[in-house]
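These notes concern the structure reproduced below.
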Amino acid sequence: MSNQTGHVHHTWVQTLHPVNSDLRVQQVQEKEPMFYYFAYGSCMCPVDLKRSLGENTHAYVIGHATLKGYRLGFYRLSPSRKCGVLDVVKDPKASVNGVLYQLPWRLSEHLDKREEVPHGGYRHEFVDIHCKEQVYKNVRTYVVVNKLLEEAAPNDWYFNVVLRGAVTCGLPEEYCWSLFNHMYKLQQRHQAQHWVRSA
């Protein structure tokens, strides 16, 4: 009888273990200082973001989100990626889709390094983000400091990471196609300019 009770007790603990695990993660997040971050480029992909932050970021995703009054553009030439990378610029008629994260404050410095803040690549911009019928105030995003006058094309690797992040995180299909077309046209223009210079 006692063995059977012990066995039942063991099964009960096993069944509830995932719930307890989720609860522990939630409790850690509640105790730890956090900040909201809106990603619109390669950081939309949690797998790529993990590469810089050193830990899995799926648990910190709040969801698909929108930044109103801005538009996307490739106004920075990244020294590390050797291609054009994304930026947002103010435009009252436009909006940018992306991913809203709630990240632990301890990852803030790592994120700044990824965005080349110490070297004057990007800087913080604090914006209002619309997500799941709520407006999140003072959300951190990043904007290019010294913007190019003309957009620079992304390379294939950056193209794929951005698109994978957009699709994986559930951005609207129409927006994903628009993003694809924008990047593709920039690459085509870059190739055409290269052929002209080579001729």
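All values derive from a computational prediction rather than experimental measurement.
- Of the options Val99, Asn56, Thr57, a side-chain contact (heavy atoms from CB on, under 4.5 Å) to Leu49 is made by Thr57 and by none of the others.
- Ring planes of Tyr37 and Tyr142: perpendicular class, angle over 60° (limits at 30 and 60°).
- Counting heavy atoms from C-beta outward, Val139 and Thr141 have side chains that stay 4.5 Å or more apart.
- The aromatic rings of His182 and Phe74 sit parallel to each other, their planes meeting at less than 30°, with 60° as the upper class boundary.
- Of the charged side-chain nitrogens involved, none lies within less than 4.0 Å of a carboxylate oxygen, so that Glu115 and Arg140 do not count as a salt-bridged pair.
- A 4.5 Å side-chain heavy-atom check between Met44 and Thr168 finds every atom pair outside the cut-off.
- To the nearest 0.5 Å, the span separating OG on Ser178 from CD on Glu173 amounts to 12.5 Å.
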task = Walk me through it: do Glu151 and Arg189 pass the test salt bridge (Lys or Arg N to Asp or Glu O under 4.0 Å)?
result = CA-CA 10 Å; Glu151 289 184 274; Arg189 190 186 71 188; 5.8 Å; no

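- The shortest distance between side-chain heavy atoms of His64 and Asn97 falls below 4.5 Å.
- By the 4.5 Å heavy-atom criterion applied to side chains, Asp156 and Gln187 are counted as neighbours.
- Rounding to the nearest 0.5 angstrom, the gap separating the CE atom in Met183 from the CG atom in Asn160 is 8.0 Å.
- Residue-environment remark: CD (Glu109) stays at or below the threshold of 12 foreign heavy atoms within 6.0 Å.
- The local environment of CG in Asn181 is crowded, with over 12 non-hydrogen atoms from other residues, nucleotides or ligands closer than 6.0 Å.
- Checked options Leu86, Leu72, Val85; the residue passing with Val162 is Leu86 (criterion: side-chain contact (heavy atoms from CB on, under 4.5 Å)).
- With rounding to the nearest 0.5 Å, the separation of CG in Asp48 from SG in Cys43 is 7.0 Å.
- For NZ of Lys50, the number of neighbouring non-hydrogen atoms (other residues, nucleotides, ligands) closer than 6.0 Å is 12 at most.
- Atom-to-atom distance recorded for Leu107:CG and Glu55:CD is 4.5 Å, nearest 0.5 angstrom.
- Side-chain atoms of Gln102 and Ile62, non-hydrogen and from C-beta on, do get closer than 4.5 Å to each other.
- Between Tyr40 atom OH and Leu179 atom CG the span is 12.5 Å, to the nearest 0.5 Å.
- Side-chain contact between Cys83 and Trp157 is absent, with no heavy-atom pair separated by less than 4.5 Å.
- Aromatic ring pairs are classed by plane angle as parallel below 30°, tilted from 30° to 60° and perpendicular above 60°; the pair Tyr184 and Phe180 is parallel.
- Taking all atoms of both residues into account, the shortest heavy-atom contact from Tyr36 to Leu100 is CB-CD1, 4.2 Å.
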